[in-house]
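Only one structure is covered here, and it is reproduced in the block below.
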Amino acid sequence: MEQKLHIYNTLSRQKEAFEPITPGRVGLYVCGPTVYGDPHLGHARPAITFDLLSRFLSYARYKVRYVRNITDVGHLENDADEGEDKIAKKAKLEELEPMEVVQYYTERYHDYMKMLNVKSPSIEPRASGHIIEQIQVIKSILEKGYAYESNGSVYFNVKKYNEDHPYGILSGRKIEDLINNTRELDGQSEKRDSLDFALWKKASPEHIMRWPSEWSDGFPGWHLECSAMSKKYLGEQFDIHGGGMDLLFPHHECEIAQSTVDNGKIPAKYWMHNNMITIGGQKMGKSLGNFITLEQFFTGQHEKLEKEYSPMTIRFFILQAHYRSTLDFGNDALQAAEKGLNRLSEAMENMENIVASNTSDVDVISLKDKCYSAIADDLNSPILIAHLFDAVKTINSLLDGKISIDEDSLVELKNIMHVYVEDILGLSLNSDKSEDSNSKMDDVMQLLLNMRTEAKQNKDWATADKIRDELQNLGFVIKDGAEGASWELK
RNA sequence: GGUUCCUUGGCCGAGUGGCUUAGGCACUGGUCUGCAAAACCAGGUACGGCGGUUCGAAUCCGCCAGGAACCUCCA
């Protein structure tokens with residue numbers, strides 16, 4: 001009995017049975033990266049979490065449209081009035097065109113996501129490519145009376161919104177508390193209220209990224225792109241909206257307010273938030289400067305890293321924790337993950353050698369059900385992995401001949417392992433291994449060749465020839481050159 | 001200060017009322033091995049503190065201690 005998918009909905013703060021708006025189809029929108037820096041471990045978490053979700057939904061025979069944006073405009077550095085566009089700031093710093101920066105970091109992001117075996121979303125829209133759509137949303141909000149223009153900028157009127165719709169339903173914040181506790185920022189004279197947020201910002205003279213509009217030459221506000229692009233590609237209301245917990249407030253709260261005014265309904269039915277990756281108990285993030293980039297993980301080039309960690313180790317490390325828990329970075333934990341993954345990988349390889357018999361001690365149906373239930377229960381990948389390790393134990397016992405399995409069950413067992421390890425968890429074990437063995441191969445061959453050279457120096461021709469002939473039998477060609485021996489395949 | 005949340009064995013990390021020995025890593029013992037390594041098998045340790053609800057709590061409630069995220073861009 002396969003149980004229904006349940007997901008934890010931040011809106012209700014509980015697990016809910018998943019019911020798609022349109023039967024058989026799922027619209028999924030996830031907040032992607034702001035491309036002004038190298039992708040770090042924190043970026044890997046939502047990418048892998050929602051990759052897992054979309055892989056599982058596909059396995060459960062849903063047709064998924066997964067939209068993940070690239071933020072390349074509009075996020076301000078400090079506050080609304082004195083901030084600079086993050087992308088523009090970096091561009092000035094490095095004397096590059098803003099779009100050059102965007103291009104570079106977008107490609108970096110893609111490269112590293114690919115290494116982590118994160119599938120590309122169905123659509124990856126850029127904020128800068130949807131200025132017109134964003135302006136339309138602003139017009140709609142202005143027409144409905146929930147925004148006002150001030151000195152070339154347009155602001156969302158939070159207090160007015162709160163009179164008709166509760167503001168803060170996602171984050172659990174009360175507007176009274178926000179009024180009392182919101183810090184007074186400098187230069188807020190344009191805004192009627194400190195809670196109001198920008199929909200359109202007039203660009204200062206030195207601001208490079210700007211677009212014309214009826215209000216001013218400027219750029220869209222912080223939260224607008226997700227409202228505009230999710231509406232364009234998924235409709236006024238779609239199934240699941242995902243992102244990091246740090247985006248819950250104000251980003252997603254503002255998104256709800258904007259879309260609710262624009263379309264008269266909350267944009268997404270389910271809101272999912274992955275927790276943070278921490279380092280020394282603190283959030284790993286750009287602003288704290290305590291992040292380790294994925295490149296540094298893969299090469300080991302960082303003072304906090306004892307060694308390099310493969311992309312699949314990183315992926316497995318993240319999947320070993322539930323997405324709603326914080327996950328603390330640590331060398332011990334990473335090395336434990338690496339070894340565990342290796343054990344899983346060996347079992348995957350060795351299970352091909354299992355010989356079926358007439359009887360079976362293995363309950364593959366139960367295994368299959370347990371795996372499905374685990375992931376259907378709010379993407380409980382740690383439980384799934386625990387079941388898979390139970391299967392590893394079974395596989396090893398089968399190889400030892402301690403228990404037996406019939407042909408049908410064996411086929412099913414292999415199928416379950418491939419589906420859950422490779423298709424759903426997205427662990428690409430073989431490619432990782434072959435890369436690794438390729439690099440090791442050279443070392444091994446060098447060792448053999450050195451032994452042969454030694455033998456030759458000792459005039460031990462029998463041994464030298466034996467090494468050469470045996471290697472030739474295995475398909476290696478030994479080439480004796482002036483600078484020593486080398487080898488080639490075939 | 002406000003909002004939300006966390007505290008599990010040597011480490012990481014699941015579990016939300018009654019046998020889950022969760023799982024991984026480490027550790028100990030065994031098998032294998034000329035020896036070793038690897039591999040495999042087996043085994044132990046836990047629920048921040050105090051009080052309450054309950055026949056029964058790691059799991060529910062209260063208080064205390066410690067920690068985190070958000071309240072400003074952030075995955």
Worksheet item: Can you tell me if D196(A) uses its side chain to pair, donor with acceptor, with the backbone of V158(A) under 3.5 Å?
Response: yes

Discussion item. At 4.0 Å (heavy atoms only), tell me whether K402(A) reaches a base, stays on the sugar-phosphate, or touches nothing.
Written reply: sugar-phosphate

Worksheet item: Would you call D51(A) and R68(A) a salt bridge, taking side-chain N to carboxylate O under 4.0 Å as the test?
Response: no

Worksheet entry | Euclidean distance for P, A14(B) against G23(B) (whole angstrom) | 15 Å

Discussion item. Applying side chain to side chain contact (heavy atoms under 4.5 Å, CB included), can you list everything that pairs with S259(A), at least two apart in sequence or on another chain?
Written reply: S227(A), N263(A), P267(A)

Discussion item. When the P atoms of G51(B) and A38(B) are compared, how many Å lie between them, rounded to an integer?
Written reply: 47 Å

Fill in: Electrostatic pair R108(A):D38(A) at N-O distance under 4.0 angstrom
yes

Worksheet item: To the nearest angstrom, how far is I318(A) atom CD1 from A75(B) atom C1'?
Response: 10 Å

Discussion item. Say we look at G15(B) and G9(B): how far apart would their P atoms be, to the nearest angstrom?
Written reply: 16 Å

Fill in: Between A75(B) (C1') and L53(A) (CG): distance, integer Å
16 Å

Practice prompt. Kindly say whether the aromatic ring centers of Y105(A) and Y36(A) come within a distance under 6.0 Å.
Written response: no

Discussion item. Please report the distance separating the C1' of C35(B) from the corresponding atom of C12(B), rounded so that it comes out in whole Å.
Written reply: 34 Å

Worksheet entry | Sole residue of L398(A), I395(A), T394(A), T359(A) in side-chain contact (heavy atoms from CB on, under 4.5 Å) with I405(A) | L398(A)

Discussion item. Taking only the P atom of each, what is the distance from A37(B) to G29(B) in whole angstrom?
Written reply: 12 Å

Discussion item. On RNA chain B, does the nearest nucleotide to G172(A) precede the nearest nucleotide to S287(A) from the 5' side, or the other way round? Give the residue.
Written reply: G172(A)

Discussion item. For a quick check of understanding: with a heavy-atom distance under 4.0 Å over all strands, which category does M276(A) fall into, base, sugar-phosphate or nothing?
Written reply: base

Worksheet entry | Aromatic contact, Y112(A) with F298(A) (centres under 6.0 Å) | yes

Item to complete: For L247(A), report the nucleic acid contact type (base, sugar-phosphate, nothing); a contact means any heavy atom under 4.0 Å.
Response: sugar-phosphate

Practice prompt. For D246(A) and A75(B), give me the distance from atom CG to atom P, rounded to whole Å.
Written response: 7 Å

Discussion item. Under 4.0 Å, heavy atoms only, any strand: does G42(A) hit a base, just the sugar-phosphate, or nothing?
Written reply: base

Worksheet entry | Rounded distance in Å - CD (Q14(A)) to C1' (U4(B)) | 16 Å

Item to complete: Using atom CG of L288(A) as one end and atom C1' of A68(B) as the other, report the distance to the nearest whole Å.
Response: 12 Å

Item to complete: In whole angstrom, give me the gap between the C1' atoms of U8(B) and G67(B).
Response: 15 Å

Worksheet entry | Length of the CG-C1' vector between N350(A) and A38(B), whole Å | 13 Å

Item to complete: Kindly say whether the aromatic ring centers of F329(A) and F291(A) come within a distance under 6.0 Å.
Response: no

Discussion item. Taking the ring of H252(A) and the ring of H273(A), is the distance between their centroids below 6.0 Å?
Written reply: yes

Worksheet entry | Integer angstrom distance from the P of C6(B) to that of C32(B) | 49 Å

Discussion item. Applying a 4.0 Å non-hydrogen cut-off, can you work out what N274(A) is touching in the nucleic acid: base, sugar-phosphate, or nothing?
Written reply: base

Fill in: Nearest-Å distance for atom pair NE2/C1', residues H251(A) and C70(B)
14 Å

Practice prompt. Quick one: stems involving RNA chain B, counted as three or more successive Watson-Crick or G-U pairs, both distances short of 3.5 Å.
Written response: B:1-7 with B:65-71, B:10-12 with B:23-25, B:27-31 with B:39-43, B:48-52 with B:60-64

Discussion item. Treating primed atoms plus P, OP1 and OP2 as sugar-phosphate and everything else as base, which nucleotides of nucleotides 5-27 of chain B get B, S or - for protein heavy atoms under 4.0 Å?
Written reply: -------SSSS------BSSSS-

Worksheet item: So does R173(A) have more than 12 non-hydrogen atoms from other groups sitting under 6.0 Å from CZ?
Response: yes

Worksheet item: Does the gap between the ring centers of F18(A) and H6(A) come in under 6.0 Å?
Response: no

Worksheet item: Which value, in whole Å, describes the distance between the C1' atoms of nucleotides A57(B) and G43(B)?
Response: 28 Å

Worksheet item: In whole angstroms, how far is the C1' atom of U72(B) from the CG atom of L178(A)?
Response: 13 Å

Worksheet item: K283(A) side chain N/O closer than 4.0 Å to the phosphate oxygens (OP1, OP2) of A75(B)?
Response: no

